[in-house]
Amino acid sequence: MEPSKAPELFLKPYNPAEREPEILDAWEKSGYGNPDTCERAGVVDPSKGTYSIVLPPPNVTGTLHMGHAAMLAIEDILIRYHRMRGYKTLWVPGTDSAALATQSKVETEIYKKEKKTRHDLGREELMRRIDAFVEESRATIVNQTKKMGSSLDWSRYAYTMDERRYAAVVEAFVRMYDAGLIYRGDRIVNWDPKLQTAVSDDEIEYVEQKDPFYHFQYGPFVIGTVRPETKFGDKYVVMHPDDQRYKEYAHGQKIDLEWINGPITATIIKDEAADMEFGSGVMTITPAHSAIDFEIAQRHHLDAERVIDDRGILLPIAGAFEGQHIKKARAAIVDKLRAKGLVVKVDEDYTHNVATNSRGGGIIEPQIKLQWFIGVNKAVRFPDGKMATLKERMRESVEDGAINILPEHFEKIYYHWIDNLRDWCISRQIWFGHRIPAWFKDGEIRVGAESPGEGWTQDEDTLDTWFSSGLWTFSTLGWPEETEDLKVYHPTSVLETGYDILFFWVARMILMSMFLLGEAPFKNVYLHGLVRDGQGRKMSKSLGNIIDPLDMVAKYGADATRLSLIIGAAPGNDLKLSEDKVRGYKNFANKLWNIARFVLEHYDQHLVQVRLAQGDDELIDESMKVATSVSHHIDTFRLDLAADTAYHFVWDRFAAEILEESKPIFRGDDQAAIASRQYAIHKILDTSLRLLHPFMPFVTEAIWRELPTKERDLLMVAKWPV
RNA sequence: GCACCCUUAGCUCAGCUGGUUAGAGCGUUCGAUUCACAUUCGAAAGGUCGAAGGUUCGAAUCCUUCAGGGUGCACCA
């Protein structure tokens, strides 16, 4: 019995650029990304149940970066693994409108090219421009996502701004409004003078900055500030009730003093918010432009007068300074105070944190504004009948184990965040986004998708982009309609995302799902680290250290790119990625390719029944044990260890030892031993391909197609070995 | 200020619920290679596991303190 050559021995070396498009095509044609197709084809094991992941939708603004690539790799591994195990497996793709970031980006571009603002264009024209931009950008993202080998179900693709998602947003808003969770009110909010909108607490990023710190004489007191331009309206002077230095002053006492624009009457307020350790222990407050001051003012029922308008221009209260921009006015104000002899001293190098809008905006100026909020401390009735606040339910859902966060230490971070959570400002004064479904007429408010009738006008504002994102796990499945998908796939199995959006997104999905559905949006939260450069620095344009995933795919293949993002990446830890690493895994793909060549060269496809030699039997057993170990690691979300285990078995054990030991056998003339070994290594190759498929789907599928076995379906839906 | 994480070979990291001479990849050095391998194979060098205490028969692993690095939240007028 001569070992016959495989019918079409494939060429060396493995060339991903040539193979990947055909494989991609075969997957797409098969329709196996869709669980319904899988079920019809009989590759689903009904006893296993379902497995579902909703893809964190990339922003339509950009292109795919390494963070996305890592996310796609991780989720695709989980999905392919479960699909092979026979679960009815769904992975839903989508893209996010990223309202504020998108509008900001398009506006900036228009201004650069045409020197026009959105007000020059008008709402309709701006929306047209944004839509055109989104359309183009979205096609790019989708295409790139596919190239990573992501086995998503594109038939269920969702976009946060499409019709069905809009319906979900309106429904959510109405229900929350009716329950009293959503309210409208004058509150101090984070106002971005550049983008002309309010933003939520979580979108604020504090940036360290050095500024002069001024000490002014304020009647008998010395007060400190970095912002003299806010001080025009200061007529309340606050000190701690226990401060012995000021015990002679009584709460509510009036004091006449000389201030920027002449004599004023100040009122003494005793409040514990004043820090006795800081400066003189005395401060004046500006309730209209400071969250803390606003709180103090509310406690004592003080009035809050605006000093600065929406664009950062001083109002009439500033007297001679009216109409000036705060930036320019500051020095002049200090000069005036100095002329009056009210400047005590100036610390030039005072370091403090300035609030900025992290979504490409400007320096935040707190303003009192009429906005929409979600109350997190209001007790309401949930669908499961319980009375509780959103905050409580968000905490409980993790505490009682309905949601499991990995790595575990993020639970603590989550609790810490919840405990500090304040009402969520959900209205934005930008045009791109879901328009708030609220209607006004004669001081009356109605909510709903449609105008209640003649004469009602809709709110001009739009919703915070995270409002619609919060609905994502169920809006993608058809909610508020009671769809089959919703029944079958919700709660989803895993929510996998970067730890940097735990609060923005994960927490908000929990909030929304608990209130609207009465159940958790997912059973597991798996947080991956951020992808950094070889030196551990953030990848950024300015550093020029960006590694583009698509470049890596083109040069080394999608499989190598995926592996480089998985191996060495412990859950929640940042991953340092270098091109060398990707290149290293390209060698592994080639290794596997050559293993297959060797095995097929020594495979007799007419081999029907073999009596296995004992040693060969053990080799097969060994590969099954590896399979068990790989499964275990995937089940516990240690994809790094799972990939590493498979990698080492295939390279160090299978190739370096088992195949080497086989060579003398094949050179010998013991036909029974040859047949047994042929069978064994073929079987181990088969197992290896299945094990590696979730990690490196392309090369494994490419080899699978070359195997001389009849009536074979795609490896994508082949059975997992154990 | 409050909290969380990290500190193991030159570099990047594994070492889980404590148990034999502490592991891998990359890098370095040496050797082999017309036999599946645009390469691969073999071998070597290299670590007082951040520091100091403690618990224990036994600690890289558990506890305490400290130092350095990172991150989140809050924020000072």
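All chains are named by letter (A, B, ...) in the order of the sequence lines, taking the proteins before the strands, and each is independently numbered beginning at 1.
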Using the C1' atom as the reference point in each nucleotide, state the distance between U29(B) and U56(B) in Å, no decimals.
42 Å
Report yes or no: is the cationic atom of Arg508(A) (NZ for Lys, CZ for Arg) under 6.0 Å from the centre of the six-membered ring of Trp424(A), at an angle within 45° of the ring normal?
yes
Salt bridge or not for Lys210(A) and Glu348(A), using N-O below 4.0 Å?
no
What's the gap between G1(B) and C11(B) when it is taken at their P atoms, as a whole Å value?
31 Å
For the side chain of Ile292(A), starting at C-beta, report the closest nucleotide among C35(B), C75(B), A36(B).
C75(B)
Distance check, C1' atoms only: C26(B) and A74(B), in whole angstrom units.
42 Å
Do His528(A) and Pro571(A) touch side chain to side chain, with heavy atoms closer than 4.5 Å?
no
Do Asp242(A) and Gln244(A) have side-chain N/O donor and acceptor atoms under 3.5 Å apart?
no
Quantified in whole Å, what is the C1' atom distance between nucleotide G46(B) and nucleotide G19(B)?
26 Å
Would you say the side chains of Asn357(A) and Asn190(A) form a donor-acceptor pair under 3.5 Å?
no
Treating a pair as Watson-Crick (purine N1 to pyrimidine N3 plus N6-O4 or O6-N4) or G-U wobble (N1-O2 and O6-N3) with both distances under 3.5 Å, list the stems of 3 or more consecutive pairs that involve RNA chain B.
B:1-7 with B:67-73, B:10-13 with B:23-26, B:28-32 with B:40-44, B:50-54 with B:62-66
Residue-phosphate contact under 4.0 Å: His352(A) side-chain N/O, A77(B) OP1/OP2:
yes
Side chain of Ile413(A) only, please: which of A36(B), A77(B), C4(B) is the nearest?
C4(B)
Report, as a single string ordered 5' to 3', how protein heavy atoms within less than 4.0 Å touch nucleotides 7-17 of chain B: B base, S sugar-phosphate only, - not at all.
-----SSSS--
Whole-Å distance, Ile681(A) CD1 to A36(B) C1', equals 10 Å
Let me spell it out: for each of Trp651(A) and Ile285(A), pick the nucleotide of RNA chain B with the closest heavy atom. Which residue's pick is nearer the 5' end?
Trp651(A)
Regarding His416(A), tell me which of base, sugar-phosphate or nothing describes its non-hydrogen contacts under 4.0 Å with the strands shown.
base
Could you state the atom-to-atom distance from CD of Glu411(A) to P of A3(B) in whole Å?
18 Å
Among A36(B), G25(B), C35(B), the one nearest Leu659(A) by side-chain distance:
A36(B)
Nearest whole Å is fine: how far is A38(B) P from Lys586(A) NZ?
10 Å
Quick one: the side chain of Asn353(A) and the base of C75(B), do they pair up donor-acceptor inside 3.5 Å?
yes
Checking all strands, does Val282(A) fall into the base, sugar-phosphate, or nothing category for heavy-atom contacts under 4.0 angstrom?
nothing
Base, sugar-phosphate or nothing for Thr636(A)? Non-hydrogen atoms, less than 4.0 Å.
nothing
Nearest whole Å is fine: how far is A38(B) C1' from Arg583(A) CZ?
13 Å
Atom CD of Glu205(A) to atom P of U71(B): distance rounded to whole Å?
11 Å
Can you tell me how far P in U7(B) sits from the matching atom in G50(B), rounded to whole Å?
7 Å
Check the distance between G72(B)'s P and Phe504(A)'s CZ and give it to me in whole angstrom.
10 Å
Classify the side-chain pair Tyr499(A)/Asp574(A) by whether it contains a donor and acceptor separated by less than 3.5 Å.
yes
Residue mapping more 5' on RNA chain B - nearest nucleotide basis, Val226(A) or Pro13(A)
Pro13(A)
Taking 4.0 angstrom as the limit, do Arg422(A) and Glu295(A) come out as a salt bridge?
yes
Students often get this wrong, so: under 4.0 angstrom with heavy atoms, is Ile595(A) touching a base, only sugar-phosphate, or nothing?
base
Taking the C1' atom in each of C62(B) and C49(B), what is the distance between them to the nearest angstrom?
16 Å
Any side-chain heavy-atom pair from Tyr679(A) and Asp616(A) closer than 4.5 angstrom?
no
Do Phe213(A) and His215(A) have ring centroids that are under 6.0 Å from one another?
yes
If you measure from the Lys or Arg side-chain nitrogens to the Asp or Glu carboxylate oxygens, is any gap between Glu706(A) and Arg19(A) under 4.0 Å?
yes
Under the 3.5 Å rule, do the base of A77(B) and the side chain of Lys231(A) count as making a donor-acceptor pair?
no
So what does Ile567(A) touch, heavy atoms closer than 4.0 Å: a base, only the sugar-phosphate, or nothing?
nothing
Base, sugar-phosphate, or nothing for Tyr350(A), non-hydrogen atoms under 4.0 angstrom?
sugar-phosphate
OP1 or OP2 of A38(B) less than 4.0 angstrom from a side-chain nitrogen or oxygen of Asn594(A), does that happen here?
yes
Going through the checks in order, is the side chain to side chain donor-acceptor pair (under 3.5 Å) test met by His352(A) and Asp211(A)?
CA-CA 8 Å; His352(A) 64 132; Asp211(A) 278 305; 2.8 Å; yes
Contact class for Asn590(A) vs. all strands (heavy atom < 4.0 Å): base, sugar-phosphate, or nothing?
sugar-phosphate
Length of the line joining Glu295(A):CD and A74(B):P, which is rounded to integer Å:
12 Å
Please measure how far the C1' atom in U33(B) lies from the corresponding atom in G42(B), and state the result in whole Å.
11 Å
Does Trp417(A) have a side-chain nitrogen or oxygen under 4.0 Å from the phosphate oxygens OP1 or OP2 of A3(B)?
no
Row check, Phe695(A) ring normal vs Arg562(A) NZ/CZ: under 6.0 Å, within 45°
no
Is any side-chain nitrogen or oxygen of Tyr206(A) closer than 4.0 Å to OP1 or OP2 of C75(B)?
yes
Determine whether the aromatic ring centres of residues His682(A) and His602(A) are separated by less than 6.0 angstrom.
no
Students often get this wrong, so: under 4.0 angstrom with heavy atoms, is Asn587(A) touching a base, only sugar-phosphate, or nothing?
sugar-phosphate
Write down the distance separating the P atoms in C5(B) and C63(B), rounded off to the nearest Å.
11 Å
How long is the line joining CZ of Phe503(A) and C1' of A74(B), in whole Å?
12 Å
Would you say a side-chain N or O of Lys412(A) is under 4.0 Å from OP1 or OP2 of G72(B)?
no
